[in-house]
Amino acid sequence: KNYEPNASGVYEICKGDEIEFKSNFKTGADGVEVNDDFLWDFGDGGTSSDRSNVVHQYNTAGDYEVSLVATRGNGELPCESDPVTLKIKVYDTPEANITSPAEGTAVCEGEEITCTAEEVTGATCEWDFDGDEVIDATGWSVKKTYNESGTKNVKLYVGIGGGICEAEDEISVTINEKPSVSLTSTGSTCFGNTLTFTAVPASDENTYAWTVNGLDHAETSSSITFTDADSYTVSVVMTDKNGCISDASNEATAEIYAKPTVSLPSTGNVCFGNTLTFTADPASDENTYAWTVNGAAHAETSSSISFTEA
């Protein structure tokens, strides 16, 4: 890896990185001779006498000054070059640890989840919620809502030194599809029959919360029945086996009609030549009537029946 100094001329690296140092020098007259000695001082107690391509590893974070000196002569008065120096800043290598949610956590489509990470002092924290290497949020505790189902890879990036040193952690979460439910009924019926509303899909693995005429009902199965004469407006919310909750279904309305009552006044006895009339009460063209005369069914279907024979 080639390192470039920052604006202050300092080289920034991570603890544990192996750094290769190279020296540039000229040989011959006024240059380096074959027998000249080189001394690298890495500022952390480490040294090297290699001329170039020197590899050193810093194992402690901190600020260091590296110097290189060339020495000629082994007598009492050796000649040394002016030191060549550069500054190095070593950052601790951070740790990235997602603390919640746990690996393999399953949530429902549209449900908000909280992603948290173990905080590292002086570090930055970035999140990629889709595994697409695009940063979606920053901070040690962030919230995310997935609006589509599937398996999602959540990545955490913890950086120090403006991202010079970075660590990653990754988990997968499962987003279960939000269920939907609709409602059917057997339709309006007469008193004495049963009116049934049924949720679709119907399954013993699901639970159902029913609303009848604006009030919560105790029924939790996939169908609800009524026998009392009334008008019923019904809706249902379904919770599936994954614990995911649907929106409320369509409203369905049907009625159990009350049993009608009828009475039968007549015009009373009359003399031959007059008309005897029996009229059902209530009388309405919307109704049909089945008449019985002297124990036998009669063809008349209107609300009144008349006789003229003695």
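One-based numbering along the sequence shown. Quick note: numbers below take in every heavy atom, side chains included, and nothing from hydrogens, waters or symmetry partners.
- In this model, a donor atom of one side chain and an acceptor atom of the other lie less than 3.5 Å apart for Thr253 and Thr233.
- A heavy-atom distance below 4.5 Å is found between the side chains of Ile245 and Val237.
- With no hydrogens or angles considered, no side-chain donor-acceptor pair links Thr184 and Thr198 at under 3.5 Å.
- Side chains of Thr207 and Thr220: a donor-acceptor N/O pair is absent below 3.5 angstrom, by distance only.
- Shown here is Phe191, whose CZ atom has no more than 12 heavy atoms of other residues, nucleotides or ligands within 6.0 Å.
- Trp40 is not listed as a side-chain neighbour of Thr47, based on a closest heavy-atom distance of 4.5 Å or more.
- In this pair, Tyr58 and Phe21 present their aromatic rings perpendicular. The plane angle is above 60°, beyond the 30 to 60° band.
- To the nearest 0.5 Å, the span separating CD1 on Ile135 from CD on Glu126 amounts to 4.5 Å.
- Within 6.0 Å of CG in Asp285 there are 12 or fewer heavy atoms belonging to other residues, nucleotides or ligands.
- In this structure, Trp140 and Val158 have side chains that are in contact, with non-hydrogen atoms separated by less than 4.5 Å.
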Show your reasoning for whether side chain to side chain contact (heavy atoms under 4.5 Å, CB included) applies to Leu86 and Ile88.
CA-CA 7 Å; Leu86 57 85; Ile88 291 182; 3.5 Å; yes

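- Put simply, Leu276 and Ile305 are part of the same group of oily side chains (I, L, V, M, F, W, Y) that touch within less than 4.5 Å, one to the next.
- Thr194 and Thr227 share no side-chain donor-acceptor pair at under 3.5 Å.
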Carefully, step by step, assess Asp50 and Phe38 under the rule side chain to side chain contact (heavy atoms under 4.5 Å, CB included).
CA-CA 6 Å; Asp50 294 334; Phe38 277 53; over 6 Å; no

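- At most 12 non-hydrogen atoms from other residues, nucleotides or ligands lie less than 6.0 angstrom from NZ of Lys87.
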Can Tyr146 and Asp130 be said to form a side chain to side chain contact (heavy atoms under 4.5 Å, CB included), step by step?
CA-CA 10 Å; Tyr146 289 99; Asp130 307 295; 3.8 Å; yes

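- The side-chain heavy atoms of Leu264 and Trp291, taken from C-beta on, include a pair separated by under 4.5 Å.
- Contact record, Glu219 with Ser221: OE2-OG, 2.7 Å, taken as the closest heavy-atom pair.
- Separation of atoms CG (Asp128) and NZ (Lys152) is listed at 11.5 Å; rounding is to 0.5 Å.
- Around the CD atom of Glu112, the shell of radius 6.0 Å holds more than 12 heavy atoms that belong to other residues, nucleotides or ligands.
- Within a 6.0 Å radius of CD in Glu95, other residues, nucleotides and ligands contribute 12 heavy atoms or fewer.
- Counting non-hydrogen atoms of neighbouring residues, nucleotides and ligands closer than 6.0 angstrom, the CD atom of Glu103 exceeds 12 such neighbours.
- In plain terms, the two heavy atoms of Ser180 and Pro201 that are nearest each other are O-CD, 3.6 Å.
- At least one side-chain heavy atom of Cys14 sits less than 4.5 Å from a side-chain heavy atom of Ile164.
- Residues Val293 and Phe278 fail the side-chain proximity criterion, which asks for heavy atoms closer than 4.5 Å.
- Salt-bridge annotation for Asp36 and Arg51: absent, with no side-chain N of the basic residue lying under 4.0 Å from a carboxylate O of the acidic one.
- When only modelled atom types and interatomic distance are considered, Thr121 and Glu119 share no side-chain donor-acceptor pair under 3.5 Å.
- Taking the side chain as every heavy atom from C-beta outward, Val234 and Ser185 never approach each other to under 4.5 Å.
- Sparse packing is recorded around CD of Glu177, with 12 or fewer heavy atoms of other residues, nucleotides or ligands lying under 6.0 Å away.
- When side chains are defined from C-beta on, Ile224 counts as touching Phe197, because their heavy atoms get closer than 4.5 Å.
- Summarising the geometry of Tyr208 relative to Ser203, their closest heavy-atom pair is OH-N, 3.0 Å, with the distance given to 0.1 Å.
- Within 6.0 Å of CG in Asp132 there are more than 12 heavy atoms belonging to other residues, nucleotides or ligands.
- Interatomic distance, CZ of Phe226 versus CD of Glu255, reported as 13.0 Å (0.5 Å rounding).
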Please evaluate residues Thr277 and Ser306 with respect to the criterion side chain to side chain donor-acceptor pair (under 3.5 Å), reporting the C-alpha separation (whole Å), side-chain torsions for both, the decisive distance (0.1 Å), and the verdict.
CA-CA 4 Å; Thr277 301; Ser306 298; 3.1 Å; yes

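- Using a 4.5 Å cut-off between side-chain heavy atoms of Ile, Leu, Val, Met, Phe, Trp and Tyr, with links allowed through other members, Ile13 and Leu68 fall into the same hydrophobic cluster.
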